[in-house]
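Contents: one structure, followed by commentary.
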2 protein chains.
Amino acid sequence: MPAGASGLSRPEGGPAATARHAVTAEEVARRAGVSQSAVSRAFTPGASVAPRTREKVLAAARELGYRPNAMARTLITNRSRIIGVVMAYLDNMIYPDVLEKLAAGLQRRGYQMLLFTGFKDRHSDPVFEQVMQYRVDGLLLASTTLSSDLSDECTAAGVPVVMFNRMTEHPLCSSVTSDNRNGGRQIAEFLVAGGHRRFAYIAGAAISSTNRDREAGFREGLSRHGFSQIGYAEGNLELGDTRTAARGLFAADEPPDAVFVGSDHMALAVMEVARHEFGLRVPEDVSIVGYDDVGAADWPSFSLTSFSLPVEPMVDAAVELMMEQIESSSILSHHRVVPGCLAVRGSARLPGGPVRDRDGTLIWAPGGME
Amino acid sequence: MPAGASGLSRPEGGPAATARHAVTAEEVARRAGVSQSAVSRAFTPGASVAPRTREKVLAAARELGYRPNAMARTLITNRSRIIGVVMAYLDNMIYPDVLEKLAAGLQRRGYQMLLFTGFKDRHSDPVFEQVMQYRVDGLLLASTTLSSDLSDECTAAGVPVVMFNRMTEHPLCSSVTSDNRNGGRQIAEFLVAGGHRRFAYIAGAAISSTNRDREAGFREGLSRHGFSQIGYAEGNLELGDTRTAARGLFAADEPPDAVFVGSDHMALAVMEVARHEFGLRVPEDVSIVGYDDVGAADWPSFSLTSFSLPVEPMVDAAVELMMEQIESSSILSHHRVVPGCLAVRGSARLPGGPVRDRDGTLIWAPGGME
DNA sequence: GTGAAAGCGCTAACAG
DNA sequence: CTGTTAGCGCTTTCAC
C-alpha cells in the first residue's frame, strides 16, 4: 500500500458518471444537414466552405459538444502535431524555465508536447520506444547526457531531432547551445584579471559536450595567462557529488582562490559548502563563478557571478529549427550557438580595470559596461 | 528575427535526409508470411498467437524497424494511454519534482504525459480545447489557480479529472492534497510555543483552496491561544509580489516577530528581504516558516522550517486515483488528503518544551521526536 | 491459432 | 462550393 493511501480519505466515493461516447463528425453532419466532409472542412482553416455552411456546422458542433479527433486526423495527415521532449531530470533550475517557454512556443504554433522525464536512473530506451509509437513530428533532446544512438533511430525513422543545450557529432541532428566555450574563456579572463592565482573547475557531466566546452574554454583562457595546472573535481550535475567535490577542493593543502563551477545549480551548492562547512568568505577568501544565470543566482544570499544561458532565444531557435524541418519534411543538421554574457555579481572579486577577451571584446568594466 | 538567430551558425546546413514512410503492420505481415492480424496479435500482450508465429512476426518487425502506430490503436480502442497534465507555471520548486515523479509513475503503467504549461498570463481555454482533441484518457490539474469550468467540460466529455494540490467543490472531480489545514495549525502551535506574539501570514494565491486551508489552519491554531489579530499580505505565488508583501509587513510600526508564508518558494524570498533589506536576523528578530519543504529549505543558508508537502505519496495517490477511474471507465469523486509533518530547522525560534496539537499529537520535542 | 472483413473518425482526392 | 468515395494503420469479431 502506497503511503498516499494512508491519511484522511472519503471512502464513500461520491457521485459517479460513466464515460459518454464522444461526438463524431458524422453526428454533427446529420444535425447540420450537411455531409460529413463539410464538417471536416468547417474545421480545417483555409478549406473552401460557404460561410453559411460553416456557420451551420459550427452551430451543430457547439450544440453537440463536438471536438475533432486529433488521432484520426493524425492517421491520415501523417502529422501528429506532437513534439516529444526528453528531459531525464528537472533538478537543474533552468529546465522548468525551458519547459515553460518551450510549451508556450510550441503551443503558439499549434503543437503539443509529450514529455518524457523522471528516468534519471532507469534506462531511456523503453521510454524512447514509446515516444516513437506516438508518431511525434519531432524530438527535442534536452538532457546533457543521453545515449546517442537514440538520435540514430529517430533520424532513421525520419523524425527530426533537435538537441537542446548539447551538441553531438551525429551528422543528422540539429542542436542549439549557448556559447559554452566563450563563456568558459570569459570567466577565465575575468578571474585572472581579478588577481586570482589558484584555479579550480568543478565539472557537470564530464562526458557531455556542454561540460567539455565550458571546461575547454576555461582552460584555454587560463593558459593564455600561463595557468595550466588547475584543481579539478566532478559534480556530475548532482548535489551530493558536488558537495563532495567541493569539500575535496577546499580541504586541499593549497585550496583554490577561484572556482568555476560548470552550472549554477552546482555552484550554489559549492557556495554553501564554502561558507558553512569551511567558514570561507565569498569572495574575500574564494571567488565562485557559475554558468546558466538561474534566477536564484541573483538572490542577495548568493549574488552569484554567472555566465548567462539565454533560455528564451535558445528556445526560440530550437522551435524554429524544429518547425523548419517539419515543414520541409527533410532532416537537416544545423547548429546554432546563442551568445550569452557574464552577469557580474558579488561572488567573485572584481578586477581593477576593464577586462577584454582575446579578440578585444569587452567582458566587464568598472562602473558598468558603459 | 528572434535573438536566437544571431550568434554563430553554420548556414551551410549539412547532410539532409527525407522522411521515410513508416513501416506498417501490413508490410511486416507480408515479410513474415502471415496475415496482418497476426502481426497485431504478436504485439498485443495476452493475445492468442502460436509462439512460432509470434517469433516470425517479431523477427520481421525488427528487420523492418516496425513500431505499432499508437494513433491507429487509439482510434479503435478508444484509449490513448495519454494523460493530460496542466501546470500553468513551474516556478514553484515543487512542480519539477511533481512532474518527474508523475512521469515516472505514468510511464510505469504504460501511460504518456501530454504537458500543458507556460500560459501564466494567457488564458487556459484554447489550451484546453487542444488537450481534448487528443482524447486524453484523463486530466491532471496541478495549478492552484485554474478556471473551474475547465473540469466541468472534462467530466461532461467523460474524461476523469484529478486535481493535484488543490481541492474543488466540483462534484465530479477527484483531488489529492496535503493536509493544508493541519499544517497551518501545527505551524501556529509551534510558533506560539516558541514565544512569538506578533504574527503575520503571507498568502499565495488568495483564491486557491490550498491557500485558504493553510491560512484557515494557521488562524485557527493562533486563535486557540487568543491571537486573532494578525498581519496579512498577499504574495500571489509570485516573487515580486512576495517581496513587496514582505516589505510592507517588516516596515510596519509593529512588525511581526513570526511570519508564516504560504509556500517555501515565497518564504525564501521573504527571508531574503528580511535579512538583506531590513537587516533582520532569522530567527532572533523574526521567525519565518514556510510550507512545502522544498529542497532548498534544507540548505544551510536558509535552514527554513517548513511543513512538508509529501510529493511522492501525493503523486502515487493521484496516479492511483486516475488509473482507477480509467479502468472502471466511470468518474468518481474521491478526495485524498495526504498527511505531512513539520520539518523543524533554524529559521524559527525553538519552543522550550514539547509542542502538541490540540488533539495531543506531538508536533515537536526538544532533542528530536524520540 | 489464424485469416478475412469490418470498421475506428477523419482527410483528401474526385466529380459534380 | 459540396457530396461521394477511398483509405490512414490498426483492433476485433467471426468463421474456419
Side-chain angles (χ1 to χ4, degrees), chain A residues 19-58 60-61 64-82 110 132-137 157-158, chain B residues 19-58 60-61 64-82 110 132-137 157-158:
Chain A
R20 206 185 36 153
H21 184 69
V23 182
T24 73
E26 180 69 46
E27 302 174 56
V28 176
R30 258 203 303 279
R31 173 147 194 149
V34 296
S35 76
Q36 186 266 312
S37 3
V39 176
S40 171
R41 290 199 262 267
F43 280 91
T44 306
S48 72
V49 214
R52 236 187 79 63
T53 312
R54 158 175 252 118
E55 270 319 306
K56 276 194 299 187
V57 170
L58 293 184
L64 263 37
Y66 169 76
R67 270 185 265 269
N69 185 326
M71 302 303 196
R73 174 187 293 141
T74 296
L75 203 54
I76 182 120
T77 60
N78 218 10
R79 292 252 126 105
S80 62
R81 298 195 80 86
I82 293 181
M132 294 306 284
Q133 299 198 3
Y134 281 88
R135 297 300 190 261
V136 293
D137 289 346
Chain B
R20 208 185 35 153
H21 183 70
V23 182
T24 73
E26 180 70 46
E27 302 174 58
V28 176
R30 259 203 303 278
R31 173 148 196 146
V34 297
S35 73
Q36 185 266 312
S37 354
V39 176
S40 171
R41 290 193 187 98
F43 279 92
T44 308
S48 72
V49 213
R52 237 188 78 63
T53 314
R54 156 175 254 118
E55 271 320 307
K56 276 195 298 187
V57 171
L58 294 184
L64 263 38
Y66 168 75
R67 272 185 263 268
N69 184 327
M71 300 305 196
R73 174 186 293 142
T74 296
L75 203 54
I76 183 124
T77 59
N78 218 9
R79 291 253 127 102
S80 61
R81 299 195 79 85
I82 293 180
M132 294 306 284
Q133 299 197 1
Y134 281 87
R135 297 302 191 258
V136 294
D137 289 346

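In what follows, chains are A, B, ... by sequence order, proteins preceding strands, each numbered from 1. Heavy atoms only: backbone and side chains are in, while hydrogens, waters and symmetry mates are out.
With sequence neighbours excluded, no residue satisfies side chain to side chain donor-acceptor pair (under 3.5 Å) with B/Thr74.
Minimum heavy-atom separation, A/Arg67 to B/Ala157: NH2-CB, 4.3 Å. The minimum heavy-atom distance between B/Leu64 and B/Val23, with the atom names listed, is O-CG2, 3.1 Å. Nearest heavy-atom pair across B/Arg54 and B/Ala42 is NH2-O, 2.9 Å. A/Asp137 approaches A/Ser80 most closely through the heavy-atom pair OD1-N, 2.9 Å. Of all non-hydrogen atoms in B/Ser48 and B/Arg41, the two that sit nearest each other are O-CD, 3.7 Å. Listed here is the closest heavy atom pair of A/Ala25 and A/Gln36: CB-NE2, 3.7 Å.
In this structure, B/Thr53 reaches the sugar-phosphate backbone alone: every heavy-atom distance under 4.0 Å involves primed, P, OP1 or OP2 atoms, never a base.
Ion pairing between B/Arg30 and B/Glu26 holds under the 4.0 Å rule for side-chain N and carboxylate O.
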Worksheet item: In the 5'-to-3' direction, what one-character label does each nucleotide of nucleotides 8-16 of chain D receive under the scheme B = base within less than 4.0 Å of a protein heavy atom, S = sugar-phosphate only, - = no such atom?
Response: BBBBBB---
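Chain A approaches DNA chain C over the interval C/dG9 to C/dA13, counting the first and last nucleotide 5' to 3' with an atom under 4.0 Å from its heavy atoms.
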